[in-house]
Protein chains: 2
Amino acid sequence: MALRHAVLAALLDGEYSGYQLAKIFDVSCSNFWYAVPQQLYAELTKLERAGLITGRQVIQHDRPNKRLFTVTPAGLAELAAFAAVPSKPSSTREDLLVMVQAVDRLDPAPVIAQLEERAVIAAAKVELFDRMLRQLRGDLTEETFLHESNRVGPYLTCLRGRRFEQENREWCVQVAALLRARAPVSR
Amino acid sequence: MALRHAVLAALLDGEYSGYQLAKIFDVSCSNFWYAVPQQLYAELTKLERAGLITGRQVIQHDRPNKRLFTVTPAGLAELAAFAAVPSKPSSTREDLLVMVQAVDRLDPAPVIAQLEERAVIAAAKVELFDRMLRQLRGDLTEETFLHESNRVGPYLTCLRGRRFEQENREWCVQVAALLRARAPVSR
DNA sequence: GAACCATACTCAATGATATGACTATCCCTG
DNA sequence: CAGGGATAGTCATATCATTGAGTATGGTTC
């Protein structure tokens, strides 16, 4: 019962098709909610049946038709009810950390390689978030934007994503360097 | 196929019963892998049937008997194989972030309350990690421990958990303060 | 002595997630 | 004109995770 709310929150910014939502969930929303397209299409169907969103068909000639969805007043109420009940901290699940936990009893080389690769990915995500943040705030400084814009939610979640990836990168770099120093390996 | 490896990694530190593992997964391992006791018992059964761990019964007189599990060579090989294949970044899922994403269209009061509560929880976790880190390294400095100990995996994952919670706390505090400043509310 | 907590675990039902395969159209490139 | 990529979805299934209830024993507390 939770992807539901993530989809409703994403649809607050405007009308989107399942396909567009899938892209949004692949970049910005993936900070706080991961979902593959199949899940989104299924959830959109359920949400529409529940009356929390409405879809309208858009005929296109240069590409397949699509359905655009909007949040209904009932959907907004559902989101409000969701925000009112205390939430539990997220359940983390990270394979790379499992490997590091076990690294003393394994060959460290592949773990080091993965840490270094992950550091690069995290650095790329930091830059992606920076671009998104700049785009969201336009000409305004962050200070001004945060105090005066009427749509700060996406900016704040991006800030969180940026912080997380920055932290992640630093940790990966440090751990990779340490493991290299402890057990020098050729590659 | 992933709780499997988290359990194997946790069992590298010694013999544990399902009940003990449940406690470990409730505190230290919950950094990187969350699981409720029922999942652990089920997974232990599967792991034993697959020959990746072995259990031995321990008769107790002051409390119910228990079964202690150890990783077999096959289990270690399974872990090594797991560490060798590149892993995908984790799939984050955080209700609180969904609420912040939508906060512009909702009553901010309950969201602010949850952010402030979460900041307190995160601060407590930082302290818990600090205690765990001190306990793991004993008298040694972190520097010395990291370079000379033969069991740094759990320490490194704890460091990551500490970083994450610290970052989380700061973000929660800042966002709560900002939302309060934007829309002054009585409570 | 009743209530409650800690240890130690099991079962069942539902709900969520992950994975892979599939359809269909249009555009662009070589 | 063949192939690949982008758009826009659908279907099926198997595994995973979550929730709630239940069993049993012993120790501690009020």
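Protein chains get the first letters and strands the later ones, always in sequence-line order, with residue 1 at the start of each. Small disclaimer: the values here were computed from a predicted structure and weren't measured.
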*Asks:* Please classify the nucleic acid contact of A/Q20 as base, sugar-phosphate, or nothing, using heavy-atom distances under 4.0 Å.
*Replies:* nothing
*Asks:* Using a cut-off of strictly less than 4.0 Å, decide whether B/Q38 has a side-chain nitrogen or oxygen near OP1 or OP2 of D/dT19.
*Replies:*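 No, because none of the side-chain N or O atoms of B/Q38 sits under 4.0 Å from OP1 or OP2 of D/dT19.
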*Asks:* Contact class for B/Q39 (heavy atom, under 4.0 Å): base, sugar-phosphate, or nothing?
*Replies:* base
*Asks:* Is the phosphate of D/dG9 approached by A/Y19 (side-chain N or O, under 4.0 Å from OP1 or OP2)?
*Replies:* no
*Asks:* Between A/K88 and D/dT19, does any side-chain N or O lie under 4.0 Å from OP1 or OP2?
*Replies:*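 So the side-chain polar atoms of A/K88 do come within 4.0 Å of the phosphate oxygens OP1 or OP2 of D/dT19, strictly under.
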*Asks:* Do you know which two heavy atoms are closest between A/L3 and A/A35, and how far apart they sit?
*Replies:*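 So the two residues come closest at CD1-CB, 3.9 Å.
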*Asks:* Using atom CD of B/E43 as one end and atom C1' of D/dT15 as the other, report the distance to the nearest whole Å.
*Replies:*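 Checked: the CD to C1' distance equals 11 Å.
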*Asks:* Can you identify which nucleotide, out of D/dT10, C/dC27, C/dT17, has its nearest atom closest to the A/D62 side chain?
*Replies:* C/dC27
*Asks:* Measure from CG on A/L44 to P on D/dG9 and round the result to the nearest Å.
*Replies:*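 For the pair A/L44 CG and D/dG9 P, the rounded distance is 9 Å.
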*Asks:* Can you check whether A/F145 and A/Y155 have ring centres sitting under 6.0 Å from each other?
*Replies:* yes
*Asks:* Which sits closer to the 5' end of DNA chain C, B/P37 or B/R93, going by the nucleotide each is nearest to?
*Replies:*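 Upstream on the strand: B/P37.
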*Asks:* Whole Å only: how far is the NE2 atom of B/H61 from the C1' atom of D/dG27?
*Replies:*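 Rounding to the nearest Å, NE2 of B/H61 and C1' of D/dG27 are 17 Å apart.
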*Asks:* Looking at B/S87, is its backbone amide N or carbonyl O close enough to the side chain of A/Q114 to form a donor-acceptor pair, meaning the two atoms are under 3.5 Å apart?
*Replies:*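 Checked: pair present.
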*Asks:* So, does B/Y41 get its side chain near the phosphate of C/dT10, meaning an N or O under 4.0 Å from OP1 or OP2?
*Replies:*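 No, no such contact exists.
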*Asks:* Closer to the 5' end of DNA chain C via nearest nucleotide, is it B/P64 or A/R63?
*Replies:*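 It is B/P64, whose closest nucleotide lies nearer the 5' terminus.
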*Asks:* Answer yes or no: does a side-chain N or O of B/R67 lie under 4.0 Å from OP1 or OP2 of C/dT7?
*Replies:* no
*Asks:* What's the CZ-C1' distance between A/R4 and C/dT17, to the nearest Å?
*Replies:*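 After rounding, the gap between these two atoms is 16 Å.
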*Asks:* Looking only at side-chain atoms of B/K66, point me to the closest of D/dT18, C/dA18, C/dC9.
*Replies:*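 From the listed options, C/dC9 comes nearest.
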*Asks:* Do the side chains of A/R162 and A/D130 get close enough for a salt bridge, i.e. N-O under 4.0 angstrom?
*Replies:*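 Looking at A/D130 together with A/R162, the answer is yes, because their closest N to O distance falls below 4.0 Å.
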*Asks:* For atom CG of B/D139, is the number of surrounding heavy atoms from other residues, nucleotides or ligands below 6.0 Å larger than 12?
*Replies:* no
*Asks:* Rounded to whole angstrom units, what separation is found between the CZ atom of A/F69 and the P atom of D/dA8?
*Replies:*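 Taking CZ of A/F69 and P of D/dA8, I get 12 Å after rounding.
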*Asks:* Side-chain N or O of A/S17 versus OP1/OP2 of D/dG9: is the shortest distance under 4.0 Å?
*Replies:*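 Looking at the OP1 and OP2 atoms of D/dG9, one of them is under 4.0 Å from a side-chain N or O of A/S17.
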*Asks:* Using atom CZ of B/F25 as one end and atom C1' of D/dA17 as the other, report the distance to the nearest whole Å.
*Replies:*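 Spelled out: CZ on B/F25 to C1' on D/dA17 is 14 Å.
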*Asks:* Starting from P on D/dT7, measure out to CG on A/D26 and report it in whole angstrom.
*Replies:* 12 Å
*Asks:* Think A/K23 has a side-chain N or O under 4.0 angstrom from the OP1 or OP2 of D/dA6?
*Replies:* no
*Asks:* Taking ring pair (Phe, Tyr, Trp, His ring centres under 6.0 Å) as the test, write out the residues that go with B/Y19, two or more places apart.
*Replies:*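 Counting only residues at least two positions away or on another chain, B/Y19 forms no ring pair (Phe, Tyr, Trp, His ring centres under 6.0 Å).
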*Asks:* Output the rounded distance in Å from CG (A/L40) to C1' (D/dT10).
*Replies:* 14 Å
